[in-house]
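Have a look at the structure below before the remarks.
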Amino acid sequence: MPEEDMRVRVLPTGEYGTVTEYSPAESCCLVELDSWQFGRRREDKDRDDEKWYNFAFDQPELRDCPTSQVERLVEVGPADRRAVLEGFEALALVSTAFFDHPGCPIVVIRRAGDGLDVIVRSHDCKVYGRRTLKGADAEKLVFAVLATHADEWTETFEPECGVLDGYGWDMTVYSGSRYFRCDGNNAAPREIAELLYAVADAGLPLAWDGDEIGFARDEEPGGR
């Protein structure tokens with residue numbers, strides 16, 4: 001049965017989130033969906049400013065769900081991480097920064113039938129790009145995901161010297177009801193840059209500024 005703070009997948013929609021409230025009597029729960037699944041461009045005339053852009057931070061999206069429609073997510077151990085990576089259904093790379101959180105990149109790669117749905121955006125969506133890849137283009141990006149060997153990233157990436165402020169990143173890979181996480185603070189492996197270049201080669205904004213995860217200063221809204 002669901003319980004508060006439990007990580008779940010909403011089965012009808014495939015969305016991921018965390019249970020914030022659970023009512024056994026009504027057999028339902030309230031799920032706060034992960035914010036990387038949302039975000040709209042500022043020129044979207046139907047957007048709700050208070051909901052989507054209050055202080056330029058992503059606002060929680062809540063979903064009332066019958067308990068029969070949520071599935072517990074299981075964070076796998078090192079022995080099962082490769083299988084999750086090889087069978088990934090969604091990958092979410094979310095970056096943050098002390099001085100410019102709204103402008104930090106979010107990269108989402110999701111299976112979509114026989115292709116991939118790829119989104120690259122900033123938290124505030126001033127930069128936003130979305131493409132559906134098919135055939136050889138999709139296969140090339142899948143290869144780039146697998147080539148990261150992210151299943152081996154079991155420790156937080158950090159620089160040798162301390163940094164008082166800077167950026168951080170968190171990458172979560174999902175396969176069915178299983179997932180694993182990787183993260184870093186002011187440091188990222190070379191394979192992250194290679195993955196972001198592969199995403200850019202598919203026609204989306206480049207989320208690597210040459211030294212770290214971030215958009216180049218001359219990046220235009222909407223991508224290249």
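Here the structure is a predicted model, which means the values were calculated and not measured.
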Q) Among Trp153, Phe157, Tyr197, which one satisfies side chain to side chain contact (heavy atoms under 4.5 Å, CB included) with Ile192? A) Trp153
Q | The single option from Arg72, Arg7, Glu71 passing side chain to side chain contact (heavy atoms under 4.5 Å, CB included) against Ser177 | A | Glu71
Could you measure the distance from the [atom1] atom of [X] to the [atom2] atom of [Y]? Nearest 0.5 Å is fine.
X	Y	atom1	atom2	value
Leu91	Leu195	CG	CG	6.5 Å
Leu30	Leu62	CG	CG	5.0 Å
Ile213	Cys104	CD1	SG	9.5 Å
Thr132	Asp137	OG1	CG	11.5 Å
Glu191	Leu196	CD	CG	11.5 Å
Glu212	Ser95	CD	OG	9.0 Å

Do [X] and [Y] come within less than 4.5 Å of each other through their side chains, counting heavy atoms only?
X	Y	answer
Ile109	Val145	yes
Tyr22	Met6	no
Pro78	Phe180	no
Val8	Tyr16	no
Val142	Leu116	yes
Leu141	Val199	yes
Trp36	Leu93	no
Val10	Pro12	yes

Q | Residue pair Thr156, Glu158: steps toward the side chain to side chain donor-acceptor pair (under 3.5 Å) verdict | A | CA-CA 6 Å; Thr156 298; Glu158 295 178 314; 5.9 Å; no
Q.
What I want to find out is whether Asp151 reaches Arg81 closely enough, with some N-O distance under 4.0 Å, to be called a salt bridge.
A. no
Q. Do Arg9 and Glu89 meet the salt-bridge criterion of a basic N to acidic O distance under 4.0 Å?
A. yes
For the student: nearest non-hydrogen atoms of [X] and [Y], plus distance:
X	Y	value
Gly103	Asp124	N-OD2, 4.4 Å
Pro105	Gly214	CG-CA, 3.6 Å
Cys28	Thr67	N-CG2, 3.7 Å
Gly168	Asn185	CA-OD1, 4.1 Å

Any donor-acceptor pair under 3.5 Å from [X] side chain to [Y] backbone:
X	Y	value
Gln37	Asp34	yes
Ser175	Gly87	yes
Ser122	Val127	yes
Trp169	Ala187	yes

Q. Does the pair Val120 and Arg131 meet the rule for a side-chain contact (heavy atoms from CB on, under 4.5 Å), with working shown?
A. CA-CA 9 Å; Val120 177; Arg131 290 198 64 191; over 6 Å; no
Q: With sequence neighbours excluded, tell me which residues meet salt bridge (charged side-chain N to carboxylate O under 4.0 Å, His left out) with Asp100.
A: none
Q. Side-chain heavy atoms under 4.5 angstrom apart, residues restricted to Ile, Leu, Val, Met, Phe, Trp, Tyr: same cluster for Leu146 and Val173?
A. yes
Q) Taking the six-membered ring where the residue is Trp, are the ring centres of Phe88 and Tyr174 under 6.0 Å apart? A) no
**Q.** Test side-chain contact (heavy atoms from CB on, under 4.5 Å) applied to Glu61 and Glu32, step by step
**A.** CA-CA 6 Å; Glu61 178 80 1; Glu32 180 178 320; over 6 Å; no
**Q.** Pair listing, side-chain hydrogen bond (donor to acceptor under 3.5 Å, both in side chains) test, anchored in residues 107-119, at least two apart
**A.** Asp114-Lys134, Asp117-Arg130
(Q) Between Tyr167 and Asn186, does the side-chain contact (heavy atoms from CB on, under 4.5 Å) criterion hold? Intermediate values first, please. (A) CA-CA 5 Å; Tyr167 81 100; Asn186 300 299; 4.0 Å; yes
